[in-house]
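Only this structure's heavy atoms are used, side chains among them; waters, hydrogens and symmetry mates stay out. Sequence lines set the chain letters: A, B, ... in the order given, protein chains first and strands last, and positions in each chain run from 1.
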Amino acid sequence: MSDQITSRSENYSQWYQDLVVKADLAENSAVRGCMVIKPNGYAIWEKMQQHLDKMFKDTGHVNAYFPLFIPKSFFSKEASHVEGFAKECAVVTHYRLKNDPNGKGIIVDEDAKLEEELIVRPTSETIIWNTYRGWVQSYRDLPILVNQWANVVRWEMRTRLFLRTTEFLWQEGHTAHATSQEAIEEAQKMLEVYTTFSEDILAIPVLKGTKTANERFAGALDTYCIEALMQDGKALQAGTSHFLGQNFAKAFDVKFTSKEGKQEFVWATSWGVSTRLMGALIMSHSDDDGLVLPPRLAPIQVVIVPIYKNEEQLNLVSEQALKIKKALEAKGVSVKFDSRDTHKPGWKFAEYELKGVPIRIAIGPRDVENGTVEVARRDTKEKNIYQIIDLEIKIEHILNQIQDNIFKKAQARLEASTYHADSWEEFIDILDNKGGFIYAHWDGTTETELKIKEETKATIRCIPLDNKLEEGKCIFTGNPSIQRVVFARAY
RNA sequence: CGGGGUGUAGCGUAGCCCGGUAUCGCGCCACGUUUGGGACGUGGAGGCCGUCAGUUCGAAUCUGGCCACCCCGACCA
């Protein structure tokens with residue numbers, strides 16, 4: 001129906017690009033690699049924030065805010081951390097501009113060079129752990145369970161709206177604990193929070209696991225992750241939770257006196273999800289007609305479109321529409337009544353489909369006469385005529401059905417796209433012709449992992465948490481393996 | 001930073017080879033008819049052709065520099 005969006009079969013990444021722009025979610029800005037998140041897109045991000053923030057608070061966390069800038073020297077304090085991020089940091093070197101003496105606009109004032117350069121945070125472990133040093137003396141000061149909503153900058157070479165931008169929005173939790181065990185439990189707990197959020201709210205089924213040493217976060221001892229599968233068979237990391245051990249405590253000298261009176265280093269975790277989830281959401285559920293939003297995340301859950309020929313009919317229809325709106329809102333459903341006269345109903349139908357509104361109600365004179373409405377579902381495109389009596393209960397029910405249906409559809413796709421490969425040929429064949437998650441044996445070495453990546457662009461997405469131990473032979477080297485790991489090409 | 005490509009109205013484009021002041025579609029504005037799946041008609045507005053220089057009587061078109069963006073690679077939440 002939509003002639004505005006490239007179809008998925010024709011060109012998947014063009015479809016994604018078109019959809020983001022045409023659904024008014026975001027657009028490229030004047031700054032290379034940085035996007036403008038438009039009101040439609042930002043409203044969805046706000047819904048994500050609301051749900052996540054509540055889940056964080058419910059698990060005992062509080063919000064705080066740390067500086068955008070980090071002194072350069074902080075980065076060199078944790079060796080593997082600096083190695084991981086050094087190549088993509090924006091650096092502030094001066095603090096003043098002046099008029100160009102040659103009259104060509106404004107130039108950097110070389111006299112205003114900073115003594116020590118400031119890094120625009122790519123992540124906040126260093127500045128936060130430097131701060132925590134002052135917060136912790138005794139085991140009584142622990143745990144610290146802090147989350148920050150912020151923007152970060154990573155100077156990526158190639159960017160794509162939401163999936164990878166130079167600046168992006170995220171939340172980063174940074175917790176401090178007295179014991180290793182407690183920190184590990186925290187990291188796992190937050191992975192559970194992310195999983196619940198992803199599946200129950202975003203309706204995106206995920207695979208939970210741990211990263212291999214090679215894919216681990218810079219500075220972590222263990223990285224837990226959730227991996228989602230997009231419609232084109234590529235994986236997308238949807239969230240990570242890291243057990244940082246005592247690395248940052250040692251780097252920033254964060255010690256506490258234990259119950260036994262001993263000086264000990266603090267144990268750490270960090271965990272985050274970003275605006276990248278917007279990309280995951282789009283690529284999980286949407287179709288060639290536009291965005292498909294799970295009702296729990298849709299800023300507008302129901303749109304009412306009036307159909308009329310003249311003002312008299314409009315008044316008649318509006319009266320009915322507003323009654324329905326009120327009844328639905330009393331049930332906590334968010335409703336928009338679009339009575340604009342500047343666009344025709346057909347135009348509005350297409351528009352709201354493009355923008356992913358889960359349910360559309362159309363009311364015309366015919367309906368007013370019969371005491372009915374036409375209800376259309378975005379996910380299945382089904383249209384039905386319903387009596388207005390108890391409509392709000394029916395709508396509530398349909399919203400739940402849509403949420404459920406979208407998840408099940410994504411889950412079925414995930415299951416259908418999950419394969420086992422027992423030979424290299426089979427592995428390549430699945431990668432090239434099917435895509436998806438591939439369970440395969442791996443000899444456990446980084447060397448092999450990198451070679452496989454080099455040859456196929458496939459990476460180990462994770463070692464599933466509930467993985468069964470199973471003896472086998474590495475598909476690449478033939479060396480013995482104790483378990484299968486999950487490979488995929490990824491975003 | 002390597003390899004390839006492209007810059008013409010808000011968007012998408014034709015014209016460029018073979019120099020003569022720019023085509024078409026969408027969108028926008030006005031009026032009228034329309035309104036249950038992206039309406040139609042009539043009229044209208046909008047472009048120093050990325051930028052700087054050169055060649056020429058004359059440059060969107062030819063030549064050179066610069067800038068920007070896109071795609072492929074290395075990097076990556």
Using the closest heavy atom to pick a nucleotide of RNA chain B for each, name whichever of Glu167(A) or Val31(A) lands nearer the 5' end.
Val31(A)
Could you tell me whether the side chain of Gln148(A) and the main chain of Phe66(A) form a donor-acceptor pair under 3.5 Å?
yes
Taken to the nearest whole Å, CZ/Arg378(A) to P/rG37(B) is 17 Å
rG36(B) base / Lys309(A) side chain donor-acceptor hit below 3.5 Å
no
Measure from CG on Asn28(A) to P on rC70(B) and round the result to the nearest Å.
7 Å
Say whether, by atom type as modelled, one donor and one acceptor occur between the side chain of Thr195(A) and the main chain of Leu191(A) under 3.5 angstrom.
yes
Closest listed nucleotide, where the reference is the side chain of Arg360(A) and the choices are rA77(B), rU35(B), rG37(B)
rG37(B)
In Å, rounded to the nearest 0.5 Å, how long is the span from CZ of Phe56(A) to NE2 of His61(A)?
8.0 Å
Report the nucleotide, chosen from rG37(B), rG36(B), rA77(B), that has the shortest atom-to-atom distance to any side-chain atom of Thr165(A).
rA77(B)
Is the closest side-chain donor-acceptor distance between Asp367(A) and Tyr386(A) under 3.5 Å?
no
To the nearest 0.5 Å, what is the distance between OH on Tyr352(A) and CD1 on Ile304(A)?
11.0 Å
Just how far, in rounded Å, is P of rG36(B) from CG of Asn310(A)?
14 Å
Determine whether the aromatic ring of Trp170(A) stacks with the base of rA77(B), defined as ring centroids separated by less than 5.5 Å and ring planes inclined by less than 30°.
no
For Tyr491(A), which contact category applies under a 4.0 Å heavy-atom criterion: base, sugar-phosphate, or nothing?
nothing
Given rG38(B), rA77(B), rU35(B), which nucleotide is nearest the side-chain atoms of Asp341(A)?
rU35(B)
Taking CD from Glu311(A) and C1' from rU35(B), how many angstroms apart are they, rounded to a whole number?
14 Å
Counting the atoms with a prime plus P, OP1 and OP2 as sugar-phosphate, which does Thr459(A) contact under 4.0 Å by heavy atoms, base, sugar-phosphate, or nothing?
nothing
Between the protein and nucleotides 39-44 of chain B, which nitrogen or oxygen pairs come in under 3.5 angstrom?
unit_1	atom_1	unit_2	atom_2	d
rA39(B)	O4'	Lys344(A)	NZ	3.3

So that I know where these two stand, are His81(A) and Trp129(A) an aromatic pair - ring centroids less than 6.0 Å apart?
no
Mind listing the side-chain donor-acceptor pairs of residues 203-212 of chain A below 3.5 Å, one per line with the distance, residues two or more places apart or on another chain?
unit_1	atom_1	unit_2	atom_2	d
Lys208(A)	NZ	Glu192(A)	OE2	2.9
Lys211(A)	NZ	Glu227(A)	OE2	2.8
Lys211(A)	NZ	Gln237(A)	OE1	3.2
Lys211(A)	NZ	Arg461(A)	O	2.8
Thr212(A)	OG1	Glu215(A)	N	3.4
Thr212(A)	OG1	Glu449(A)	OE1	3.3
Thr212(A)	OG1	Glu449(A)	OE2	2.7

Taking NZ, NE, NH1 and NH2 as the nitrogens, is one of them in Asp338(A) or Arg360(A) under 4.0 Å from a carboxylate oxygen of the other?
no
Between C1' of rC69(B) and CG of Leu161(A), the distance in whole Å:
14 Å
Testing rG38(B), rG37(B), rA77(B) for proximity to the side chain of Arg154(A), the answer is rA77(B)
Which sits closer to the 5' end of RNA chain B, Gln17(A) or Thr275(A), going by the nucleotide each is nearest to?
Gln17(A)
Would you mind checking if Asp390(A) and Lys394(A) are paired as a salt bridge, meaning a charged N to carboxylate O distance below 4.0 Å?
no
Expected output: side-chain Asp200(A) to main-chain Phe197(A) donor-acceptor under 3.5 Å
no
Output the rounded distance in Å from CD (Glu351(A)) to P (rG37(B)).
17 Å
How does RNA chain B read in dot-bracket, base by base from 5' to 3', with Watson-Crick or G-U pairs under 3.5 Å and | used when the partner is on another strand?
(((((((..(((.......[...))).((((((.....)))))).....(((((..]....))))))))))))....
Check residues 13-26 of chain A and write down every donor-acceptor pair under 3.5 Å in which the side-chain atom is one partner and the other belongs to a residue at least two apart or another chain.
unit_1	atom_1	unit_2	atom_2	d
Ser13(A)	OG	Asn11(A)	OD1	3.4
Gln14(A)	NE2	Asp18(A)	OD1	3.0
Trp15(A)	NE1	Asp287(A)	O	3.1
Tyr16(A)	OH	Leu161(A)	O	2.7
Asp18(A)	OD2	Thr6(A)	N	2.9
Asp18(A)	OD2	Thr6(A)	OG1	2.6
Lys22(A)	NZ	Gln4(A)	O	3.1
Asp24(A)	OD1	Lys38(A)	NZ	2.8

Pairs flagged by salt bridge (charged side-chain N to carboxylate O under 4.0 Å, His left out) wherever residues 303-327 of chain A is involved - sequence neighbours left out
Lys325(A)-Glu329(A)
What does the list of N/O pairs under 3.5 Å between the protein and nucleotides 73-75 of chain B look like, with a distance for each?
unit_1	atom_1	unit_2	atom_2	d
rG73(B)	OP1	Lys457(A)	NZ	2.8
rG73(B)	OP2	Arg158(A)	NH1	3.4
rC75(B)	O2	Glu156(A)	OE1	3.4

Gap between atom NZ of Lys434(A) and atom OG1 of Thr418(A) - 0.5 Å precision
12.0 Å
Say you pick atom P in rC11(B) and the same atom in rC28(B); how far apart are they, in whole Å?
15 Å
Heavy atoms under 4.0 Å, any strand shown: does Asp367(A) hit a base, just sugar-phosphate, or nothing?
base
Distance check needed: rG27(B) P versus His343(A) NE2, whole Å only.
11 Å
Nearest-angstrom distance from the residue atom NZ of Lys22(A) to C1' of rG27(B)
12 Å
Separation of the C1' atoms in rG4(B) and rC49(B), to the nearest angstrom
24 Å
